[in-house]
Amino acid sequence: MLREEQIQLRRQRGAEEKFRIRRLGDDRVFGDYHVNSPGSGRTYRVAIRGFCPGERYCECPDFRKNTLETCKHVEAVVLRIQ
């Protein structure tokens, strides 16, 4: 239950925060993105290879440390491309 709550929290933050998302490379859906947070000014690279856990990556500290295989940056990109 706690795992699902934490994933939902990241989905909510990904939907609510005003990220600037830029696709790197060609126009395919799956690929690499830069996600910039205007609040902090930080930019992270997000890789989307599919919609399932294990097919997504973000270089932010939250993604690297949690065991959820998601973060607010990943969720923001997934929301935009779905």
Novice: So, taking the atom named CZ in Arg13 and the one named NE2 in His73, what distance separates them when rounded to the nearest 0.5 Å?
Specialist: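 Arg13 CZ to His73 NE2: 8.0 Å, rounded to 0.5 Å.
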Novice: Are Val29 and Val35 connected in the hydrophobic side-chain network, where two residues link if heavy atoms are under 4.5 Å apart?
Specialist: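 Yes, one cluster joins them.
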Novice: Roughly how far, to the nearest 0.5 Å, is the CD atom of Gln12 from the CG atom of Leu79?
Specialist: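 Between Leu79 CG and Gln12 CD, I get 12.5 Å after rounding to 0.5 Å.
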Novice: Kindly give the heavy-atom pair with the smallest separation between Cys58 and Phe63, and that separation in Å.
Specialist: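 Distance-wise, the nearest heavy atoms are O-CD2, 3.4 Å.
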Novice: Can you tell me how far apart CD (Glu75) and CD (Gln8) are? Round to the nearest 0.5 Å.
Specialist: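 Glu75 CD to Gln8 CD: 8.5 Å, rounded to 0.5 Å.
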Novice: Just how far is it from atom CD of Glu59 to atom NE2 of His34, taken to the nearest 0.5 Å?
Specialist: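 Taking CD in Glu59 and NE2 in His34, the distance rounds to 7.0 Å.
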Novice: Any donor and acceptor pair, going by atom type alone, linking the side chain of Arg11 with main-chain N or O of Ile7 inside 3.5 Å?
Specialist: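 A pair under 3.5 Å: no.
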Novice: Which atom pair, heavy atoms only, marks the closest approach of Cys71 to Cys60?
Specialist: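 Closest approach of Cys71 to Cys60: SG-SG, 3.7 Å.
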Novice: Same cluster or not: are Ile21 and Tyr44 linked, directly or through other Ile, Leu, Val, Met, Phe, Trp or Tyr residues, by side-chain heavy atoms under 4.5 angstrom apart?
Specialist: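 Each belongs to a different hydrophobic cluster.
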Novice: Between CG of Leu68 and CZ of Arg10, what distance do you get to the nearest 0.5 Å?
Specialist: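 It comes to 5.0 Å.
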Novice: With sequence neighbours excluded, tell me which residues meet ring pair (Phe, Tyr, Trp, His ring centres under 6.0 Å) with Tyr33.
Specialist: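 Tyr33 satisfies ring pair (Phe, Tyr, Trp, His ring centres under 6.0 Å) with no residue once adjacent residues are dropped.
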Novice: Taking ILVMFWY side chains as joined if any heavy atoms are under 4.5 angstrom apart, and letting links pass through other members, which residues group with Leu9?
Specialist: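 ILVMFWY cluster around Leu9 holds nothing else.
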Novice: How far does CD of Glu5 sit from CZ of Arg3, to the nearest 0.5 angstrom?
Specialist: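 Atom-to-atom, Glu5:CD and Arg3:CZ are 12.5 Å apart.
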Novice: Measure across Asp62 and Thr70 and return the closest heavy-atom pair with its distance rounded to 0.1 Å.
Specialist: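 Of all heavy-atom pairs spanning Asp62 and Thr70, the closest is OD2-O, 4.3 Å.
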Novice: In terms of hydrophobic clustering (I, L, V, M, F, W, Y; side-chain heavy atoms under 4.5 Å; direct or indirect links), are Val78 and Phe19 co-clustered?
Specialist: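 Cluster IDs for Val78 and Phe19 match.
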Novice: Could you pull out all residues at least two apart from Arg64 that satisfy salt bridge (charged side-chain N to carboxylate O under 4.0 Å, His left out)?
Specialist: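 Salt bridge (charged side-chain N to carboxylate O under 4.0 Å, His left out) list for Arg64, sorted by chain: empty.
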Novice: Considering residues at least two apart in sequence or located in another chain, which fulfil the side chain to side chain donor-acceptor pair (under 3.5 Å) criterion with Gln82?
Specialist: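 Partners of Gln82 by the side chain to side chain donor-acceptor pair (under 3.5 Å) criterion come out as none, since no residue qualifies.
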Novice: Determine all donor-acceptor pairs shorter than 3.5 Å in which one atom belongs to a side chain in residues 49-57; sequence neighbours excluded.
Specialist:
| unit_1 | atom_1 | unit_2 | atom_2 | d |
| --- | --- | --- | --- | --- |
| Arg49 | NH1 | Gly31 | O | 3.3 |
| Arg49 | NH1 | Asp32 | OD1 | 3.1 |
| Arg49 | NH2 | Asp32 | OD1 | 3.0 |
| Glu55 | OE1 | Phe51 | N | 3.3 |
| Glu55 | OE1 | Cys52 | N | 3.2 |

Novice: Please enumerate all residues that pass side chain to side chain donor-acceptor pair (under 3.5 Å) together with Arg23, with sequence neighbours excluded.
Specialist: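 Checked Arg23 against side chain to side chain donor-acceptor pair (under 3.5 Å); matches are Asp26.
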